[in-house]
Amino acid sequence: MNHQDIYNLSKRFSAPKVDLRKAQIMDDYGDDAYAKMLLNHSSPENVKREEFDYYGWVYPFVEPEDLLFYLYAMVVEYEKNEDLDSIDSFMYSMDREINRLQEMLTDDENQVVKKALNLIWDVGGEDGPDWYQCKNLQKLISILL
């Protein structure tokens with residue numbers, strides 16, 4: 001699918017201040033023993049599924065704007081195969097930061113975020129990402145669980 005608007009939003013926040021590898025190191029209190037996979041996340045199209053798999057639960061450690069950087073790649077990879085473990089951590093972090101993110105975005109960009117979240121919902125539905133824990137995102141895209 002063509003998601004040029006989501007790509008453009010993610011591209012605006014390139015490169016992440018805290019990429020997935022740096023987030024893993026932060027999670028491990030500065031130890032890089034579990035952060036061996038090197039990354040080139042200078043642009044959204046450089047993010048690979050195997051990097052999401054390798055650094056799956058680190059999203060609480062990225063900057064809020066970095067979530068927007070990873071949004072495009074997350075949507076694309078989730079559409080390809082919804083068996084993406086890292087999406088829960090990503091969604092929990094988006095849920096925590098969504099109000100602050102909305103304040104920094106234009107109305108059009110907020111609509112793009114809603115579109116991306118709706119795509120994630122459309123692919124996985126209630127059985128997809130752990131929407132039950134994402135009350136702010138549920139409210140944003142008007143789903144009730």
Side-chain angles (χ1 to χ4, degrees), residues 1-28 34-145:
M1 278 188 152
N2 179 4
H3 301 309
Q4 189 64 45
D5 51 351
I6 302 170
Y7 175 82
N8 291 341
L9 177 66
S10 291
K11 181 73 172 170
R12 181 162 101 73
F13 293 95
S14 297
K17 294 176 188 172
V18 178
D19 67 20
L20 302 179
R21 182 174 184 275
K22 289 177 190 170
Q24 180 69 56
I25 293 168
M26 291 169 69
D27 186 23
D28 292 335
Y34 297 103
K36 297 300 182 196
M37 182 180 284
L38 300 179
L39 305 175
N40 172 20
H41 290 173
S42 58
S43 188
E45 68 269 11
N46 295 346
V47 182
K48 298 177 179 75
R49 183 183 190 92
E50 53 269 11
E51 295 165 345
F52 283 148
D53 293 341
Y54 189 86
Y55 295 114
W57 290 89
V58 299
Y59 297 96
F61 297 93
V62 303
E63 293 292 321
E65 302 91 326
D66 299 338
L67 294 168
L68 297 173
F69 169 78
Y70 287 110
L71 182 61
Y72 171 77
M74 190 63 69
V75 167
V76 168
E77 292 304 327
Y78 191 64
E79 281 184 319
K80 286 181 190 174
N81 180 350
E82 63 188 87
D83 186 25
L84 183 62
D85 290 338
S86 60
I87 197 153
D88 285 336
S89 177
F90 178 80
M91 296 293 283
Y92 300 152
S93 296
M94 282 291 287
D95 188 71
R96 185 185 71 244
E97 298 294 345
I98 194 63
N99 294 329
R100 186 162 53 164
L101 290 171
Q102 285 184 290
E103 291 173 5
M104 70 173 40
L105 297 174
T106 67
D107 289 343
D108 287 344
E109 289 171 332
N110 276 307
Q111 291 305 313
V112 171
V113 170
K114 284 176 151 179
K115 173 187 172 182
L117 293 171
N118 273 304
L119 286 168
I120 292 170
W121 171 258
D122 290 345
V123 170
E126 208 170 314
D127 296 328
D130 189 4
W131 286 97
Y132 290 98
Q133 301 302 317
C134 300
K135 299 298 184 191
N136 294 321
L137 299 183
Q138 285 182 46
K139 182 179 174 185
L140 182 66
I141 65 167
S142 302
I143 57 172
L144 300 172
L145 301 176

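Being a predicted model, the structure only gives us computed values, none of them experimental.
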Polar side-chain atom of [X] near backbone of [Y] as donor-acceptor pair, under 3.5 Å:
{"X": "Asp88", "Y": "Pro129", "result": "no"}
{"X": "Ser86", "Y": "Trp57", "result": "no"}
{"X": "Ser10", "Y": "Tyr72", "result": "yes"}
{"X": "Tyr7", "Y": "Glu45", "result": "no"}
{"X": "Asp27", "Y": "Val58", "result": "no"}
{"X": "Tyr55", "Y": "Met37", "result": "yes"}

With the threshold set at 4.0 Å, does a side-chain nitrogen-carboxylate oxygen contact exist between [X] and [Y]?
{"X": "Arg12", "Y": "Glu109", "value": "yes"}
{"X": "Glu77", "Y": "Arg49", "value": "yes"}
{"X": "Asp5", "Y": "Lys115", "value": "yes"}
{"X": "Glu103", "Y": "Arg100", "value": "no"}

In Å and rounded to the nearest 0.5 Å, what is the [atom1] to [atom2] distance from [X] to [Y]?
{"X": "Met74", "Y": "Glu79", "atom1": "CE", "atom2": "CD", "value": "13.0 Å"}
{"X": "Leu117", "Y": "Ile98", "atom1": "CG", "atom2": "CD1", "value": "6.0 Å"}
{"X": "Leu38", "Y": "Glu51", "atom1": "CG", "atom2": "CD", "value": "10.0 Å"}
{"X": "Lys11", "Y": "Leu9", "atom1": "NZ", "atom2": "CG", "value": "13.0 Å"}
{"X": "Leu105", "Y": "Leu68", "atom1": "CG", "atom2": "CG", "value": "5.5 Å"}
{"X": "Met94", "Y": "Leu101", "atom1": "CE", "atom2": "CG", "value": "6.0 Å"}

Considering all heavy atoms of both residues, which atom of [X] and which atom of [Y] are nearest to each other, and what is their separation?
{"X": "Lys114", "Y": "Leu140", "value": "CE-O, 3.4 Å"}
{"X": "Pro44", "Y": "Ser14", "value": "CD-OG, 3.4 Å"}
{"X": "Ile6", "Y": "Val112", "value": "CA-CG1, 3.7 Å"}
{"X": "Pro16", "Y": "Asp19", "value": "CG-CB, 3.9 Å"}
{"X": "Asp83", "Y": "Asn81", "value": "N-OD1, 2.9 Å"}
{"X": "Ala35", "Y": "Ile25", "value": "CB-CG1, 3.6 Å"}

message = Taking NZ in Lys139 as the centre, count heavy atoms belonging to other residues, nucleotides or ligands within less than 6.0 Å. Is the count above 12?
response =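 Not more than 12 within 6.0 Å, no.
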
query = Does CG belonging to Asp107 count more than 12 external heavy atoms closer than 6.0 Å?
reply = no

State, with a plain yes or no, whether a side-chain heavy atom of [X] is found less than 4.5 Å away from one of [Y].
{"X": "Leu20", "Y": "Phe52", "answer": "yes"}
{"X": "Leu39", "Y": "Lys22", "answer": "no"}
{"X": "Arg96", "Y": "Pro64", "answer": "no"}

Contact list for residues 105-138, test ring pair (Phe, Tyr, Trp, His ring centres under 6.0 Å), sequence neighbours left out =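 For residues 105-138, and leaving out neighbouring residues, the ring pair (Phe, Tyr, Trp, His ring centres under 6.0 Å) pairs sorted by first residue read Trp121-Trp131.
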
task = Can you tell me which residue pairs pass the ring pair (Phe, Tyr, Trp, His ring centres under 6.0 Å) test with a partner in residues 77-109, sequence neighbours excluded?
result =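 Matches after skipping sequence neighbours: Tyr59-Phe90.
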
request  = Measure the acute angle between the ring planes of Phe69 and His41, then classify it against the limits of 30° and 60° as parallel, tilted or perpendicular.
outcome  = tilted

task = Let me see the working for Tyr54 and Gln24 under side-chain hydrogen bond (donor to acceptor under 3.5 Å, both in side chains), right down to the final yes or no.
result = CA-CA 10 Å; Tyr54 189 86; Gln24 180 69 56; over 6 Å; no

key: Evaluation steps, side-chain hydrogen bond (donor to acceptor under 3.5 Å, both in side chains), between Ser42 and Asn40   = CA-CA 6 Å; Ser42 58; Asn40 172 20; 3.2 Å; yes

Met91 vs Ile120, side chain to side chain contact (heavy atoms under 4.5 Å, CB included): CA-CA, chis, key distance, verdict = CA-CA 10 Å; Met91 296 293 283; Ile120 292 170; 4.2 Å; yes

Candidate pair Gln133 and Asp95, rule side chain to side chain contact (heavy atoms under 4.5 Å, CB included), full reasoning = CA-CA 8 Å; Gln133 301 302 317; Asp95 188 71; over 6 Å; no

